[in-house]
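Report on the structure given below.
Fair warning: this is a prediction, and the values are worked out from it, not measured in the lab.
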Amino acid sequence: MASSDHTILLFSPSSTSLSAKVHPLVIFNICDCYVRRPDQADRIIGTLLGSVLPDGTVDIRNSYAVPHSESQDQVALDIDYHHNMLSSHQKVNPKEVIVGWFSTGSGVTGGSALIHEFFSRETTNPIHLTVDTGFTNGEASVKGFVSVHLSIGDQQLAAQFQEIPLDLRMVEAERIGFDILKTTAVDKLPNDLAGMEASMQRLLALIDDIYKYVDDVVEGRVAQDNKIGRFISDTVASLPKFSPQDFDKLVNDGLQDQLLLLYLASLTRTQLGFAEKLNTAAQIL
């Protein structure tokens, strides 16, 4: 048979080089929505919010569930609810946009292609995040997928989900909360001062590690790495130059502002409590 008679099966340009960073708040929110799901629902789906970093990595920072119903051959989404929630989130943080959608379960299902097609109209190349809340393999695995179209010539036949790398990314404040949630029992959540103290202790430990590495390189105990050296140099150069007095004043001013906010919040709760009691007494009388 001549080569011109061969049927060629083609994929659209691959997106497997795409990667995503997932913040723990997203995973916690998905698990919370799964626990609160309706009794008849087998799984939940929802929208992923975030942004695309300059290097092309998708940064997933927030999420919300979207009511839906599905059967073997069709899926129905509450589109009005989805758009209302998106509008509410963007009023708080306008930089967060739709980057994909999530679902609970051990993997991609038959209705996933239909849902992915809807989110493809909401954003370009959406990410499908799956969270195994059933602990199929003994753990709650988290996976990310993108859709690649399968075609013959110019005719598209189907879509195939391909897995992409995921990175669980935590900032310092999230790490403190995550470490607390890992314990089986907690007497009380830490206040701002306790959280700041834990952050400073972690920072001091990192500085000690850097000091030890630099001393080892200077003494010849460890081979030098130019990449690490440039990273340390850039980090030191990025630090603002503050005198100890200015730094103490900056910290104290920030602490006083936080204490003032706590006082105003406590005062507001007290006034609301009085107003509720007065309203209840007026209704009784």
Side-chain angles (χ1 to χ4, degrees), residues 18-31 48-63 93 95-96 99 129 131 139-144 164-259 261-262:
L18 183 69
S19 61
K21 297 179 180 178
V22 184
H23 289 255
L25 174 63
V26 177
I27 308 301
F28 291 151
N29 188 34
I30 293 174
C31 293
L48 298 175
L49 300 176
S51 61
V52 180
L53 302 180
D55 61 355
T57 303
V58 179
D59 188 25
I60 305 174
R61 296 191 296 269
N62 210 337
S63 64
N93 193 344
K95 294 183 179 180
E96 290 187 352
V99 295
L129 187 74
V131 180
E139 59 181 6
S141 61
V142 181
K143 297 181 179 180
I164 62 173
L166 285 181
D167 179 21
L168 184 61
R169 182 57 54 95
M170 290 186 287
V171 298
E172 188 62 29
E174 293 173 331
R175 184 179 299 277
I176 294 172
F178 181 76
D179 291 340
I180 294 173
L181 290 175
K182 286 194 303 184
T183 59
T184 57
V186 178
D187 294 335
K188 63 177 181 178
L189 293 177
N191 53 28
D192 293 338
L193 291 178
M196 182 181 296
E197 182 180 0
S199 299
M200 295 304 296
Q201 290 176 352
R202 190 183 299 273
L203 178 60
L204 290 175
L206 293 175
I207 293 176
D208 290 339
D209 292 340
I210 294 176
Y211 268 124
K212 183 177 183 302
Y213 171 78
V214 173
D215 290 339
D216 290 341
V217 171
V218 172
E219 298 295 333
R221 293 189 293 268
V222 176
Q224 65 179 8
D225 189 330
N226 294 332
K227 183 178 180 181
I228 298 177
R230 286 192 295 269
F231 181 78
I232 295 175
S233 177
D234 293 341
T235 302
V236 174
S238 64
L239 295 175
K241 295 183 179 179
F242 282 119
S243 64
Q245 295 79 10
D246 293 338
F247 182 77
D248 290 341
K249 184 178 183 301
L250 181 64
V251 173
N252 290 330
D253 290 345
L255 182 59
Q256 289 176 3
D257 291 340
Q258 292 183 2
L259 293 175
L261 289 175
L262 291 175

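Residues meeting the salt bridge (Lys or Arg N to Asp or Glu O under 4.0 Å) test with Asp215, sequence neighbours left out: none. Every residue meeting the side chain to side chain contact (heavy atoms under 4.5 Å, CB included) condition with Asp55, not counting sequence neighbours, appears here in chain and number order: Leu53, Thr57. By the side chain to side chain donor-acceptor pair (under 3.5 Å) test, Asn29 is found to be paired with Ser63, residues two or more places apart in sequence or in another chain being considered. For the salt bridge (Lys or Arg N to Asp or Glu O under 4.0 Å) test, residues two or more places apart in sequence or in another chain that qualify with Lys249 are Asp253.
Taking every heavy atom of both residues into account, Leu166 and Val142 meet most closely at CD1-O, 3.8 Å. Of all heavy-atom pairs between Asp59 and His23, the closest is OD1-NE2, 3.0 Å.
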Distance-only check: which donor-acceptor pairs under 3.5 Å involve side-chain atoms of residues 225-235, not counting sequence neighbours?
from: Asp225; atom 1: OD1; to: Lys227; atom 2: N; distance (Å): 3.0
from: Thr235; atom 1: OG1; to: Phe231; atom 2: O; distance (Å): 2.8

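Using a 4.5 Å heavy-atom threshold, the side chains of Glu96 and Ser51 count as separate. Ile60 has its side chain within reach of Val99: a pair of non-hydrogen atoms, C-beta onward, lies under 4.5 Å apart. Taking 4.5 Å as the limit, some side-chain heavy atom of Val26 sits within range of a side-chain heavy atom of Leu129.
Taking CG from Leu49 and CZ from Arg61, the interatomic distance works out to 9.0 Å, rounded to the nearest 0.5 Å.
Note on residues 203-214: pairs passing side chain to side chain donor-acceptor pair (under 3.5 Å), not counting sequence neighbours, are Lys212-Asp216.
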